[in-house]
J.: 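After the C-alpha cells below, expect a handful of questions from me.
Throughout, a chain's letter reflects where its sequence line sits, starting with A, and its residues are numbered from 1.
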Amino acid sequence: MCGRISTAGISADILKAHFDIESVFPFTLSYNVVPTLQIPAIIEQNNIRKLEAFRWGLIPHWARDKNIMATAFNARAESVVHKPLFRESIKSKRCLVLATGFYEWQVSCGKKQPYYIFRADKRPLAFAGLWDVWEDDVTGEAIESCTIITTAATHQMIPIHERMPVVLERDIYDTWLDPEFNETDVLQELLIAPKQDVLEMYPVSNYVSNSRNDGEECIERL
DNA sequence: CCAGACGTTGTT
DNA sequence: GTCTGG
DNA sequence: CCAGACGTTGTT
DNA sequence: GTCTGG
C-alpha cells in the first residue's frame, strides 16, 4: 500500500453525514489521488482540513532537513507505537485520511494488475493517519506532513496484496482523533486487528497505473 | 557518555 | 526529540 | 506506490 | 540503476 487512493464520489455533504463533522472544506473530486493532491483529512475532533496542504510522508518536527524522511510514506501498525519516528505523533497527532477507495497492484507471472478497493457499504474509508509540523530554522517555512498506517491484509485482500491501510470504523473515530488519549497499548490494539469483510474489490485497467491519469476510467470495472 | 539513526514496500 | 549502539 | 525520465544550449 | 512527478 502506498499513496494511491481515490476520492471518487466524495462530497462535502457525504463527509458531514458520515463523519459527524460540522464544517468541511471545498475540494475537488479525484479518481486517482496521488499523495500531494486533494486527499481530505480530519485533524483532531471537529476540525477537518484539506490534505492538499500536507506533504505525503511524515517529516518529524525534529528532522534536520525536510527530505530526510522522504520514505516514511507508511507506518506499520505492528511497530508504530515503538518507533522513534512515529512515537510522538501516535500520541497526540493522529488523523483520519478519507477516501472512497484505494488501488493495489496484484503481481502474478510478472504482470501487475491494479484493483480498486472500497467499502462494501459504499461509505468513505477512514484510514488511520499521523501528522506533524516541521519548521525550517532559517526560512521559517512550516511544512505539515502526514502518513497512513498499514497492517496485515485481511483474508479478502491477501490474494491481491500482503499489506493494506488500516481502515477505522465509526465507533473508533472519537478515540482516534482525541489528542488527549494516549494509551498506546489501546491504540495499537485498534490498529492491528482490522475488521474483516468490510471491503469489496474489482480489477481495473492499467490506466490508473500512470498517476497522471485521472477520471472515471480509473475505477471502471474490467 | 556521545554519535548517529530514526522507514516501508517490494524484490532479490 | 528520543532511542540505540559502541 | 508506479511510470517515466534520465540533457544542454540558445532562442522565443 | 536511480531519481522525480503525480
J.: D:dC2 C1' sits how many Å from A:K111 NZ, rounded?
T.: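 After rounding, the gap between these two atoms is 16 Å.
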J.: Once you round it to whole Å, what is the distance between P of C:dT4 and CZ of A:R87?
T.: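 Those two atoms, CZ and P, are 8 Å apart.
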J.: Under 4.0 Å from OP1 or OP2 of E:dG6: is there any side-chain N or O of A:N210 that close?
T.: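 No.
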J.: Indicate yes or no for a side-chain donor-acceptor contact from A:Y202 to the backbone of A:I219 under 3.5 Å, with no hydrogens or angles considered.
T.: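 Present.
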J.: Determine yes or no for a side-chain-to-main-chain donor-acceptor pair under 3.5 angstrom, with A:D132 supplying the side chain and A:H61 the backbone.
T.: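 Side chain of A:D132 to backbone of A:H61: a pair is present.
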J.: Over how many whole Å does the gap from A:R212 atom CZ to E:dG6 atom P extend?
T.: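 Atom-to-atom, A:R212 to E:dG6, this comes out as 7 Å.
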J.: Between atom CD in A:E78 and atom C1' in B:dT8, what is the gap in whole Å?
T.: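 Interatomic distance, CD of A:E78 to C1' of B:dT8: 11 Å.
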J.: Which of the following nucleotides, D:dA3, B:dT9, B:dC6, is nearest to the side chain of A:F73?
T.: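 Of the options given, the side chain of A:F73 lies nearest B:dT9.
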J.: Rounded to whole angstrom units, what separation is found between the NZ atom of A:K83 and the P atom of B:dC6?
T.: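 Whole-Å distance recorded here is 8 Å.
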J.: Would one find a side-chain N or O of A:S209 under 4.0 angstrom from OP1 or OP2 of E:dG6?
T.: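 No, no such contact exists.
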J.: Both distances under 3.5 Å, Watson-Crick or G-U wobble: report the partner of D:dT8, or none.
T.: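 Matched D:dT8 with nothing under the 3.5 Å cut-off.
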J.: Roughly, in whole Å, what's the span from NZ in A:K91 to P in C:dG1?
T.: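 One finds 15 Å between P of C:dG1 and NZ of A:K91, rounded.
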J.: For the ring pair A:F102 and A:Y115, is the centre-to-centre distance below 6.0 Å?
T.: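 No, ring centres 6.0 Å or more apart.
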J.: Are A:K93 and A:W131 in a cation-pi contact, defined as NZ or CZ under 6.0 Å from the six-membered ring centre and within 45° of the axis?
T.: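 The answer is yes, since A:K93 meets both limits relative to A:W131.
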J.: Closest to the A:S211 side chain: E:dG5, D:dA3, B:dT8?
T.: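 Given the options E:dG5, D:dA3, B:dT8, the side chain of A:S211 is closest to E:dG5.
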J.: For the P atoms, the ones on B:dT8 and on E:dG5, what distance do you get once it is rounded to whole angstrom?
T.: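 Result for the P pair: 25 Å, nearest Å.
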J.: NA contact type, A:T147, heavy-atom cut-off 4.0 Å: base, sugar-phosphate, or nothing?
T.: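 No contact.
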J.: Please give, in whole Å, the distance from D:dC1 C1' to A:F127 CZ?
T.: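 Taking atom C1' of D:dC1 as the reference, CZ of A:F127 is at 13 Å.
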J.: Looking only at the side chain of A:P84 (C-beta and beyond, no hydrogens), which of the listed nucleotides B:dT11, B:dT8, B:dC6 gets closest?
T.: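 Comparing B:dT11, B:dT8, B:dC6 against the side chain of A:P84, the answer is B:dC6.
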J.: Starting the side chain at C-beta, find the nucleotide from D:dA3, B:dC6, B:dT8 nearest to A:R76.
T.: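 Looking only at side-chain atoms, A:R76 lies closest to B:dT8.
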J.: Find the distance A:N206:CG to D:dA3:C1' and express it as a whole number of Å.
T.: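 For the pair A:N206 CG and D:dA3 C1', the rounded distance is 11 Å.
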J.: With P as the reference atom in both, quote the distance from B:dA3 to D:dG10 in angstrom, rounded to an integer.
T.: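 Result for the P pair: 48 Å, nearest Å.
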J.: Does OP1 or OP2 of B:dT8 have a side-chain N or O of A:T150 closer than 4.0 Å?
T.: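 Checking B:dT8 against A:T150, no side-chain N or O comes under 4.0 Å of OP1 or OP2.
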J.: Using Watson-Crick or G-U wobble geometry with both distances under 3.5 Å, which nucleotide pairs with C:dG6?
T.: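 Base-paired to B:dC1.
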J.: Rounding to an integer number of angstrom, what distance separates B:dC6 and E:dG6 when you compare their P atoms?
T.: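 To the nearest whole Å, 30 Å.
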J.: Same hydrophobic cluster for A:L130 and A:I192, using side-chain heavy-atom links shorter than 4.5 Å among ILVMFWY?
T.: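 No; A:I192 is not reachable from A:L130 via cluster members.
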J.: Is it true that a side-chain atom of A:E104 and a backbone atom of A:M164 form a donor plus acceptor pair closer than 3.5 Å?
T.: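 Here the side-chain-to-backbone pair does not exist.
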J.: On a whole-Å scale, what distance lies between the P atoms belonging to B:dT9 and D:dA5?
T.: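 Each nucleotide's P atom is 28 Å from the other's.
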